[in-house]
Each structure stands twice: as C-alpha cells, then as structure tokens.
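Only heavy atoms go into these numbers, but all of them, side chains included; no hydrogens, no water, no symmetry mates. Labels below follow one simple rule: chain letters A, B, ... track the order of the sequence lines, proteins then strands, and each chain is numbered from 1.
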Protein chains: 2
Amino acid sequence: MGRGNCQGQGWWHGKFRGCGYRLTAGREAILDILSKSEGHLSAEDIYIKVHPNYPNVGLTTIYRTLDVLSNVGLVYKLDFGDGRARYELAQGPKGAHHHHHLVCTECNKVFDYTDFIDEEVELLRETEKGLGAKYNFKITNHVLQFYGLCEKCNGRK
Amino acid sequence: MGRGNCQGQGWWHGKFRGCGYRLTAGREAILDILSKSEGHLSAEDIYIKVHPNYPNVGLTTIYRTLDVLSNVGLVYKLDFGDGRARYELAQGPKGAHHHHHLVCTECNKVFDYTDFIDEEVELLRETEKGLGAKYNFKITNHVLQFYGLCEKCNGRK
DNA sequence: CTAGTAATGGAAATGATTTTCATTAAACAA
DNA sequence: TTGTTTAATGAAAATCATTTCCATTACTAG
Ligand SMILES: [Mn+2]
Ligand SMILES: [Mn+2]
Ligand SMILES: [Zn+2]
Ligand SMILES: [Zn+2]
C-alpha cells in the first residue's frame with residue numbers, strides 16, 4: 001500500500017473513515033478479500049486468504065476487524081448453525097444486494113437467492129409493524145433462512 | 001410408530017419408547033422440567049432445575065438427552081445468537097403449539113408469538129415450494145426470528 | 001515532528017459442547 | 001425372578017471458536 005495517499009482507494013473508504021475508525025493495512029486487506037470472494041467466509045477462511053500477503057495480520061485482528069465492520073454496517077455476520085460465524089459484505093460498489101439464504105445441512109453449502117424477496121420483504125415488514133405495535137417491541141432486524149438438502153446431496157441418498 | 005401406552009406414565013412415553021430408546025429416570029426428569037417450564041431453557045438451566053431432585057444426573061446426560069429428544073422430534077433446539085443453545089418442547093399433551101420468536105437483544109428475553117402465523121406459514125410454504133423447484137433443493141425446515149428491543153429495554157434508553 | 005491513543009499480535013483464557021472410558025442399569029428372554 | 005445384552009451414564013479431559021490480556025506499534029491531529 002502506498003503511504004500518504006488516503007483517497008481514491010477502495011469504495012468503502014468514505015463510509016469507513018466517516019465512522020471515526022482508522023484505516024489500516026490489515027483492515028483494507030480484509031475488506032479486499034471480502035469484496036473479491038463469494039461471501040460466507042469464516043474468520044479463519046479470511047485469515048487463510050489474507051495471510052499470504054499480510055503474514056503479520058493475526059487471527060485476533062481478523063475477529064476484531066470483522067466486529068468493527070459489522071458494527072459499521074459494512075458486513076453481515078451470519079450464523080448457519082455449524083458452530084462458526086460467517087461474514088459477507090453488506091454492499092458492493094453498486095450498493096446493497098439484498099438476498100436470503102438456502103443452507104444445505106449435508107454439505108454445508110450456502111446458496112444466495114433473491115426470488116420471492118419482494119413478497120418476503122413485504123410480509124416481514126408487515127409482521128414487524130404488527131408485532132412492534134402489539135408487543136411494544138422495537139424490531140431492528142430479522143433472520144430468515146431455509147435449511148435442507150441441495151440437489152447434489154439429495155440425489156446422493 | 002405408535003405403540004400402546006403404559007399406564008401412569010407421561011404422555012411422551014409412547015413416542016419415546018416407540019423410537020427404540022430406553023426410558024430412564026434422568027430422561028423423564030428432563031422431559032418433566034421441559035413440560036413444566038416456560039420454554040427456552042439452556043442445557044445448564046435444565047441441569048440446575050433437575051439437580052435438586054436428581055443430584056446424580058450430570059450435565060453430560062442433559063446434553064445427550066436433549067440431543068436424543070430433538071432427533072426424535074420431541075424438542076426444538078433453538079439458537080438465539082447468544083452463544084448457547086436453548087430448548088423447548090415441540091408439543092404438549094394437546095399437540096403442537098406452533099409459534100415464532102421475538103428476541104430482545106438487550107435483556108435476551110424471548111417472547112413467543114402466534115400472531116401473523118397464518119400469513120407467515122402461507123408465505124413460507126409457498127417460498128419453500130418455489131425455491132425447492134427452482135434450485136432442486138429439498139427444504140426440511142426454516143428459521144424465522146425477529147430481533148430488537150423489548151418494551152422495557154426500549155424505554156430505558 | 002510529536003503526543004495521544006486506537007490498533008495490533010501472540011499467548012493465555014473462556015466457555016459451551018463433545019469425547020473418552022470405566023461403570024451402571026433398562027429391557028427382555030428364560 | 002434372574003441372567004444376559006448393550007444402551008445409558010457420570011466425571012474428567014478434550015475441543016475449538018472466540019475473547020481477553022497486555023506490552024508494543026503506528027495512525028492522525030496539531
Ligand atoms: Mn449470501
Ligand atoms: Mn418458544
Ligand atoms: Zn449439499
Ligand atoms: Zn429487553
């Protein structure tokens with residue numbers, strides 16, 4: 001990374017710096033990996049991908065950075081029930097790419113899908129409104145995931 | 001499955017035995033606690049409640065039994081994102097009591113709700129069908145949870 | 001450039017859950 | 001009832017993702 005140049009790098013600079021966080025090499029490396037990979041990486045996945053280029057970025061920093069990034073809203077922390085958190089970029093250069101997840105309980109592959117998103121979002125919004133009113137609950141987010149067997153694993157039985 | 005009930009036993013006796021599992025004191029104690037408590041107990045919660053009456057039932061057995069029970073379909077294993085699994089009876093003597101969850105991210109209380117269940121279930125079924133067809137995915141279950149601040153925690157800000 | 005302090009990495013700690021293994025006790029046939 | 005089979009059990013040790021500690025480093029404003 002060239003020193004002294006704080007502008008014109010990644011598209012996330014503005015948002016990141018705007019929240020009062022320092023922009024370090026390790027953090028950029030992590031964002032870089034996340035933006036170049038197909039989502040759903042675990043902390044260790046990221047560590048393994050970052051390490052060759054930044055051997056001095058430790059796993060601890062990966063965890064800490066992912067925490068910061070998800071607080072800032074740049075990444076989503078996902079839980080597919082396999083005992084380790086997964087992370088994906090909340091938005092790309094073009095903006096948010098809203099999707100939901102289909103998880104294979106056999107091979108643990110995760111599939112993004114956007115079909116039905118509109119109806120889902122519509123119902124979820126309505127439900128949130130209704131529940132919020134009835135229970136005086138201020139809903140901030142939700143989790144909707146489908147689990148099952150992917151084509152490959154289903155055929156293999 | 002389904003086999004004659006032995007008299008004087010819990011309502012789960014038939015289902016449990018029908019699956020080829022032995023019915024032990026520890027297992028009955030755990031089912032008993034689950035059926036008498038308002039759901040969402042962690043393994044340790046259950047251990048603490050079972051221990052006074054069955055001091056010789058260890059935490060290991062609690063975990064093992066909960067695993068068996070959820071395989072048999074008698075309990076649901078729930079994950080509210082606080083790092084420990086929670087368990088609730090899948091059905092009472094009267095049958096299934098389908099509900100969804102509202103989780104307070106501040107005090108970690110979990111609220112059951114049945115409102116909107118019909119619309120939710122309808123949409124979920126439709127989505128499952130559509131996704132199953134499009135991705136050749138055999139969907140077996142789903143998770144839908146809302147997170148936010150309960151009345152108390154929201155007011156306290 | 002320098003002071004102030006956020007960020008870092010490696011080691012140790014944490015904590016829920018699982019595994020190991022010797023022992024106990026359901027289930028069932030005799 | 002009694003004996004046989006083998007599932008179930010408890011205590012301790014192991015796992016393993018994530019967090020905490022703490023001494024050191026390095027962004028950044030001034
Ligand atoms: Mn995704
Ligand atoms: Mn519940
Ligand atoms: Zn699969
Ligand atoms: Zn609350």
Side-chain angles (χ1 to χ4, degrees), chain A residues 1-7 9-10 13-14 16-31 40-48 50-51 53-72 75 77-87 108, chain B residues 3-6 9-10 12-14 16-31 40-48 50-51 53-72 75 77-87 108:
Chain A
M1 300 281 109
R3 301 177 55 261
N5 186 354
C6 294
Q7 298 179 19
Q9 301 268 351
H13 276 225
F16 198 62
R17 293 285 300 280
C19 291
Y21 290 102
R22 294 182 182 174
L23 194 41
T24 65
R27 285 175 177 178
E28 284 214 272
I30 292 167
L31 273 167
H40 321 135
L41 299 178
S42 68
E44 197 186 358
D45 289 338
I46 295 169
Y47 174 76
I48 289 170
V50 165
H51 197 254
N53 297 316
Y54 299 83
N56 46 348
V57 170
L59 185 54
T60 308
T61 290
I62 307 278
Y63 276 108
R64 272 186 298 224
T65 296
L66 289 169
D67 203 45
V68 166
L69 293 176
S70 82
N71 286 338
V72 169
V75 313
K77 181 178 184 179
L78 309 169
D79 175 5
F80 298 130
D82 68 339
R84 57 182 57 195
R86 308 271 165 178
Y87 302 84
N108 290 315
Chain B
R3 199 175 289 186
N5 264 28
C6 297
Q9 306 281 1
W12 55 73
H13 199 253
F16 198 63
R17 291 286 300 282
C19 291
Y21 290 102
R22 293 181 182 175
L23 194 41
T24 66
R27 285 174 175 180
E28 285 214 89
I30 292 168
L31 274 168
H40 321 135
L41 299 179
S42 68
E44 198 185 357
D45 290 339
I46 294 168
Y47 174 75
I48 288 170
V50 165
H51 197 253
N53 297 314
Y54 299 82
N56 46 347
V57 169
L59 185 54
T60 308
T61 290
I62 306 279
Y63 276 107
R64 274 187 295 225
T65 298
L66 288 169
D67 202 46
V68 166
L69 292 176
S70 82
N71 286 338
V72 168
V75 312
K77 182 178 184 178
L78 309 169
D79 175 4
F80 298 129
D82 68 338
R84 57 181 57 194
R86 307 271 165 179
Y87 303 84
N108 290 315

Report summary line: Rounded to whole Å, CG of A/L59 lies from P of C/dA12 at a distance of 16 Å
Report task. Taking only the side-chain heavy atoms of A/R27 (C-beta and beyond), determine which of C/dA7, C/dT17, D/dT9 contains the nearest atom. Result -> C/dA7
Query raised in the report: A/R64 and side chain to side chain contact (heavy atoms under 4.5 Å, CB included): which partner among A/V68, A/I62, A/T60, A/D67?
Result: A/T60
Query raised in the report: In whole Å, what is the span from the CG atom of A/D82 to the P atom of D/dC16?
Result: 14 Å
Report task. May I have the step-by-step check of side-chain contact (heavy atoms from CB on, under 4.5 Å) for B/T65 and B/I46, ending in yes or no? Result -> CA-CA 11 Å; B/T65 298; B/I46 294 168; over 6 Å; no
Query raised in the report: Starting at CG of B/L23 and ending at C1' of C/dC28, how long is that distance when rounded to a whole Å?
Result: 15 Å
Report task. Run the numbers on B/K77 and B/L66 for side-chain contact (heavy atoms from CB on, under 4.5 Å), then give the verdict. Result -> CA-CA 8 Å; B/K77 182 178 184 178; B/L66 288 169; over 6 Å; no
Report task. Mind calculating the distance between OH (B/Y21) and P (D/dA8) to the nearest angstrom? Result -> 7 Å
Report summary line: When B/P55 and A/T24 are each assigned the nearest nucleotide of DNA chain D, the 5'-most assignment goes to B/P55
Query - Spacing of A/D67 atom CG relative to C/dT8 atom C1', expressed in whole Å - result: 15 Å
Report summary line: Regarding the side chain of B/T60, the nearest nucleotide among C/dA7, D/dA12, D/dT18 is D/dA12
Report task. Round to the nearest Å and state the distance from A/Y47 atom OH to D/dA17 atom C1'. Result -> 15 Å
Query - Atom-pair distance (CG on A/L66; C1' on C/dA7), nearest Å - result: 15 Å
Requested in this report: Please name the pair of heavy atoms, one in B/A43 and one in B/L59, separated by the smallest distance, quoted to 0.1 Å.
Outcome: O-CD1, 4.0 Å
Report task. Please evaluate the base of C/dA6 for a donor-acceptor partner in the side chain of A/R22 within a cut-off of under 3.5 Å? Result -> yes
Requested in this report: Using modelled atom types only, decide if a donor and an acceptor are shared between the side chain of A/D45 and the backbone of A/S42 within a distance under 3.5 Å.
Outcome: yes
Query - Separation of atom CD1 in A/I62 from atom C1' in C/dA7, rounded to whole Å - result: 14 Å
Report task. Output the single nucleotide from C/dT19, C/dT17, D/dT9 whose closest atom is nearest the side chain of B/R84. Result -> C/dT17
Requested in this report: Give the nucleotide from the list D/dT9, D/dC21, C/dT17 with an atom nearest to the side chain of A/R64.
Outcome: D/dC21
Requested in this report: Would you please confirm or rule out a distance under 4.0 Å between OP1 or OP2 of C/dT18 and any side-chain N or O of B/Y63?
Outcome: no
Query - Nearest-nucleotide comparison on DNA chain C, the residue closer to the 5′ end among A/G58 and B/R86 - result: A/G58
